[in-house]
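Here is how names work: the chains are called A, B, and so on, in the same order as the sequence lines, proteins then strands, and each is numbered from 1.
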Amino acid sequence: MRAVSLSQEPVFSLLKNQFVCGYKDIENKGYAGSSRKHSPNGQAVDTTNGAGPHNIQMFVMASDGTVLTCLPGYWNSKDLASELEFAKTLNAVWVDPGLNRDEKNAKFSEMQRQHLSQHTPAERKRSEMQHFDVAYEKKKRFLTSDVFNRTVINPRTFDPVKMDLPPHAVKTCDVIMHQRMASRPFVQYKDFDVKAYSDYGRPMYDKNEEELVASNGQTTKQRGEGKAIGNDPAAHPVKTQVKRQGKSLLMRAAQYGIRAAIR
Amino acid sequence: MRNRFVARPLQSAFLAVSIAAGVAAPLLHSRVQASPVYSGQVCSENVGRLTNEITWSRDLDKVQQEAASQDKLILWVHMVGKLDGFT
């Protein structure tokens, strides 16, 4: 993200001139996903919009901390720029003194849905969900997930064993994003349910970038790359184990230590 | 008549090259568009530009104050890792 779309035009100039930027490392947050470690001078790829939603969430907020939009995962520079511009129009609604809160909320939701009609077929194509994320959704929560467009799935002909879905049965990530945002009008950042919002697909995301051949014919692999980062047992085994099993693990370790000392 | 025979091999070769180029170019183009790989050097330069030319704060309160005083919006990125380090 940092080496591709954030640092490329038209996003770079937009950020530099019209936004105040900041970031937060979510490595130890419960909602964070994981990936293999990548250094700033490792290789990168331009992937699909919305890929890796557990690992990156880009919030566009008003200066009072009101969330105007949130883009989960990677986003193509051109498409990201369009969403940044869209956020400005949402902010105009938020600060409009002529509208009450209900009117603002209704307008927010309507604008989120309307914006989808402005997405080009090319953007839709760039927003197709990664096949491993689709497989994860099918396997883990087919009946409850909002990533499936149920209007095109015929329950009479659908085979739940084969799980062959008709075309357009999986929503593109841009649709998921705007639909989820539409139900979260002008929420304060501190109240934003990041976990639910950014949850689709596999928690682990990696494109094996450093193993691909770059346009200059070379590949880069830095020291430390390949190891996991984020919520993955390989990234920080003790921490993750404690998260899963609670303090009992630490208690057991302490008891074992005391017993060993007595002996 | 003789000139026409001489010209034909050249025409055929030109036609073959044109067809090959016409078929190959869109394929190559679509492959590049599908998943271009940015080399480590390009990524390093891009990350350097991003972190040197734009101030990235890790203090949201400060970011909000700045945004209010400059009448700007905020881009606040959640990421696994550090902007200028491992991600």
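- Considering only residues two or more places apart in sequence or on other chains, A:Lys24 meets the side-chain contact (heavy atoms from CB on, under 4.5 Å) condition with A:Ile26, A:Lys29, A:Tyr31, A:Tyr189, B:Trp76, B:His78.
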Start with the C-alpha distance between A:Ile56 and B:Val80, add both sets of side-chain angles, then the distance that settles side chain to side chain contact (heavy atoms under 4.5 Å, CB included), and finish with yes or no.
-> CA-CA 7 Å; A:Ile56 300 170; B:Val80 171; over 6 Å; no
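- The distance from the CZ atom of A:Phe19 to the NZ atom of B:Lys72 is 10.0 Å, given to the nearest 0.5 Å.
- For the pair A:Leu84 and B:Leu75, the minimum side-chain heavy-atom distance is below 4.5 Å.
- Annotation: A:Lys195, atom NZ; neighbour count of heavy atoms from other residues, nucleotides and ligands within 6.0 Å does not exceed 12.
- In A:Lys78, the NZ atom is not crowded: 12 or fewer heavy atoms of neighbouring residues, nucleotides or ligands sit closer than 6.0 Å.
- Residues B:Arg58 and A:Asp25 are in side-chain contact: their nearest non-hydrogen atoms beyond the backbone lie under 4.5 Å apart.
- To the nearest 0.5 Å, the span separating CG on B:Asp71 from OG on A:Ser63 amounts to 7.5 Å.
- Here B:Arg49 is the residue among B:Gln70, B:Arg49, B:Glu66 with the most heavy-atom pairs under 4.5 Å with chain A.
- For NZ of A:Lys104, the number of neighbouring non-hydrogen atoms (other residues, nucleotides, ligands) closer than 6.0 Å is greater than 12.
- Within residues 118-129 of chain A, no residue has any heavy atom under 4.5 Å from a heavy atom of chain B.
- Ranked by non-hydrogen atom pairs under 4.5 Å with chain B, the options A:His54, A:Gln57, A:Gln18, A:Lys16 are led by A:Gln57.
- The line from OH of A:Tyr23 to CG of B:Leu60 is 14.0 Å long, rounded to the nearest 0.5 Å.
- Across A:Val60, A:Val20, A:Val67, A:Leu68, the residue that shares the most heavy-atom pairs under 4.5 angstrom with chain B is A:Val20.
- Smallest separation of non-hydrogen atoms from B:Asn46 and A:Ser7: CB-OG, 3.2 Å.
- Heavy atoms of A:Val194 lying under 4.5 Å from chain B belong exclusively to its side chain.
- In this structure, CG on A:Leu15 lies 12.0 Å from OG1 on B:Thr55, to the nearest 0.5 angstrom.
- The side-chain hydrogen bond (donor to acceptor under 3.5 Å, both in side chains) search around B:Gln64 returns none, not counting sequence neighbours.
- Taking CG from B:Leu50 and CZ from A:Phe12, the interatomic distance works out to 6.5 Å, rounded to the nearest 0.5 Å.
- The ring-ring contact (aromatic ring centres under 6.0 Å, His included) check on A:Phe108 picks up A:Phe186, with sequence neighbours excluded.
- In this structure, CG on B:Leu73 lies 10.5 Å from CE on A:Met61, to the nearest 0.5 angstrom.
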